[in-house]
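What you see is a predicted model, and the numbers here were worked out from it, not measured in a lab. Residue numbers start from 1 in every chain, and the chains themselves are labelled A, B, ... in the order their sequence lines are given, proteins ahead of strands.
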Amino acid sequence: MTEPTVADTRRLHSKPQDLNDAYGPPSNFLEIDVYDPQIVGVGRHRYTTYEVRMRTNLPIFKLKDSCVRRRYSDFEWLKNELERDSKIVVPTLPGKALKRQLPFRGDEGLFEEGFIEERRSGLEQFINKIAGHPLAQNERCLHMFLQEESIDRNYIPGKV
Amino acid sequence: MSFFSFGQSADIDVVLNDAETRKKAEHKTEDGKKDKYFLFYDGETVSGKVNVTLKNPGKRLEHQGIKIEFVGQIELYYDRGNHHEFVSLVKDLARPGEMTQSQTFDFEFTHVEKPYESYTGQNVKLRYFLRATVIRRLNDISKEMDIVVHTLSTYPELNSSIKMEVGIEDCLHIEFEYNKSKYHLKDVIVGKIYFLLVRIKIKHMEIDIIKRETTGTGPSVYHENDTIAKYEIMDGAPVRGESIPIRLFLAGYDLTPTMRDINKKFSVRYYLNLVLIDEEERRYFKQQEITLWRKGDVVRKSMSHQAAIASQRFEGSAASESALEQAAKEESG
């Protein structure tokens with residue numbers, strides 16, 4: 001019985017990589033920034049909006065560069081839509097901060113700088129996590145959230 | 001395991017004839033410790049001596065017979081009472097009577113069939129043992145000696161590579177290839193992963209070896225999965241056209257041969273699990289079964305007749321047939 005005493009561990013043959021692929025822009029470019037918090041409205045009817053800017057080269061998104069204004073409840077809406085329609089485990093949003101909405105607080109409540117920054121950061125993490133999920137990328141609600149001027153809450157849910 | 005009751009009047013032990021020359025193999029016990037046992041192959045003869053030593057040399061030992069058994073059995077942990085014996089041989093050593101002095105009895109189980117490999121798992125155990133018993137009215141005096149059996153195979157004639165393209169539509173397409181589908185326990189898995197489309201942000205990639213032990217039949221089938229190995233093969237983000245090599249040495253891991261439907265009681269199967277992890281810790285994986293087999297030690301020119309029978313039982317290859325011829329020639333010559 002002639003058996004090799006040393007195992008053949010040579011690499012399998014592979015196709016050489018095209019240099020354009022090796023050094024070109026990656027196909028997975030997707031960056032979403034949540035920034036520029038602005039307080040809208042007066043008195044007790046004030047709320048904060050954030051700029052949501054998406055830059056991408058993923059073909060599934062119609063616009064490669066989009067910019068919209070969204071408030072916290074819009075993010076909540078998106079979370080609920082995805083929880084209902086998609087099969088993904090939706091990441092958590094930063095807290096609702098109901099206590100901050102009560103009167104007679106010592107500080108600025110919902111409009112305190114530190115809180116807004118914390119919330120902004122949490123929203124940014126949330127949207128990046130979702131937008132990169134292959135199973136969320138074909139949900140119409142995500143595209144509407146990221147790339148349409150305003151959210152039509154009477155839209156027809158579905159896949160892109 | 002031996003039974004010792006209070007005031008037992010005799011000791012019994014079993015000694016193999018080839019205890020000096022026979023190899024021992026390490027085998028895990030149920031509580032995870034490793035112990036060494038005499039190693040046997042299918043077809044080998046099991047012979048030795050049973051020593052019955054009277055504790056009080058003056059006192060008579062009455063008995064209903066002395067016997068030795070060779071047993072191969074499967075024990076399901078959830079059903080301990082029922083042992084499924086697939087090999088059960090017995091030799092009577094002494095008829096009922098009296099012993100006035102210590103005695104030694106010879107025994108031989110010739111060319112014993114040992115169709116399966118010894119296995120100690122999470123929910124099932126397959127073991128072989130010799131059990132010598134002095135039968136008495138109230139308490140038997142008994143001693144068990146476990147042995148370990150390995151099942152050997154030779155290089156399979158057909159051993160195609162595994163090559164497949166998998167992915168998620170429009171997000172990730174890869175082609176993976178493993179050089180073989182059947183690997184021996186000291187083999188090396190050589191392969192590669194070729195990226196056709198990468199639209200997700202991959203952080204790293206690993207290959208895991210998963211052992212799945214299946215016990216029970218029909219509706220009460222139970223799978224126990226155990227990740228035996230995790231081996232990172234890529235750290236960082238790949239792009240289209242990139243090939244990542246795989247070279248995984250199996251000898252470093254605690255593996256057994258693939259065991260399929262052993263005596264219709266259990267199976268032990270192995271899978272390679274290719275796992276890609278993206279920047280959000282999402283996991284994308286593809287599992288593929290591989291067959292593991294045990295290669296015999298380097299075959300010397302003169303192979304004992306018994307071991308030649310053993311190797312022929314599995315993959316009757318030209319090699320083992322000629323070894324059998326050679327051994328027959330040597331024995332007669």
Side-chain angles (χ1 to χ4, degrees), chain A residues 1-32 55-62 64 82 86-92 122 124-139 142-143 159-160, chain B residues 154-155 161 163 167-172 175-180 183-184 186-202 237-251 278-282 284 295-296 298-301 303 311 317-320 322-323:
Chain A
M1 212 184 322
T2 48
E3 293 170 23
T5 46
V6 179
D8 184 356
T9 59
R10 286 172 302 171
R11 290 188 184 186
L12 299 182
H13 171 73
S14 18
K15 279 182 276 228
Q17 189 181 24
D18 186 304
L19 287 180
N20 289 327
D21 287 337
Y23 294 104
S27 325
N28 60 4
F29 179 62
L30 172 68
E31 271 175 26
I32 304 177
R55 281 166 297 178
T56 185
N57 64 0
L58 297 181
I60 197 159
F61 292 105
K62 251 197 281 212
K64 301 304 166 220
L82 289 172
S86 81
K87 293 189 216 104
I88 75 175
V89 173
V90 184
T92 50
E124 194 173 73
Q125 273 178 42
F126 171 84
I127 193 64
N128 272 289
K129 252 199 185 139
I130 288 188
H133 198 309
L135 294 179
Q137 277 169 3
N138 55 5
E139 293 290 335
L142 181 69
H143 289 255
K159 307 264 186 272
V160 159
Chain B
T154 51
Y155 279 96
S161 65
K163 191 170 181 174
I168 299 172
E169 196 69 33
D170 294 331
C171 288
L172 174 69
E175 186 190 78
F176 69 88
E177 187 179 342
Y178 306 129
N179 62 333
K180 305 182 202 177
Y183 292 93
H184 63 79
K186 308 282 177 230
D187 214 333
V188 189
I189 297 176
V190 172
K192 73 175 206 285
I193 310 296
Y194 178 73
F195 288 90
L196 292 151
L197 179 70
V198 190
R199 292 212 180 114
I200 55 173
K201 295 181 187 173
I202 296 172
V239 292
R240 176 172 54 206
E242 209 148 349
S243 285
I244 302 298
I246 297 170
R247 191 181 289 129
L248 180 55
F249 289 82
L250 295 177
D278 75 11
E279 293 200 347
E280 303 295 349
E281 301 301 318
R282 287 180 284 254
Y284 308 77
K295 185 159 74 91
V298 174
V299 179
R300 297 181 304 273
K301 280 221 189 105
M303 199 166 139
S311 82
S317 64
S320 55
S322 70

- Query: Heavy-atom distance under 4.5 Å between the side chains of P134(A) and I200(B), does that happen here?
  - Reply: yes

- Message: Between R282(B) (side chain only) and G132(A) (backbone N and O only), is there a donor and an acceptor less than 3.5 Å apart?
- Response: yes

- Query: How close do V239(B) and D21(A) get, heavy atom to heavy atom, and via which atoms?
  - Reply: CG2-O, 3.6 Å

- C171(B) vs Q137(A) side-chain heavy atoms within contact, under 4.5 Å: yes

- Message: Can you tell me which portion of E177(B) sits under 4.5 Å from chain A's heavy atoms? Options are side chain, backbone, both or neither.
- Response: both

- About how many Å separate CZ of R11(A) and CG of N179(B), when rounded to the nearest 0.5 Å? 14.0 Å

- Message: Please rank R10(A), Q125(A), H13(A), H133(A) by heavy-atom pairs under 4.5 Å with chain B and give me the top one.
- Response: H133(A)

- Under 4.5 Å to a heavy atom of chain A? For V188(B) that would be side chain

- Does R199(B) reach the main-chain N or O of L58(A) with its side chain, forming a donor-acceptor pair under 3.5 Å? no

- Check: Q17(A) side chain, R240(B) main-chain N or O, donor-acceptor pair, under 3.5 Å: yes

- Note on the structure: The interface call for D8(A) against chain B, heavy-atom contacts under 4.5 Å, is backbone

- Is it the side chain or the backbone of L30(A) that comes within 4.5 Å of chain B heavy atoms, both, or neither? both

- Task: Count the heavy atoms belonging to other residues, nucleotides or ligands that lie under 6.0 Å from NZ of K64(A), then report whether that count exceeds 12.
- Result: yes

- Message: Quick check on K87(A): does its NZ atom have over 12 non-hydrogen neighbours (other residues, nucleotides or ligands) under 6.0 Å away?
- Response: no

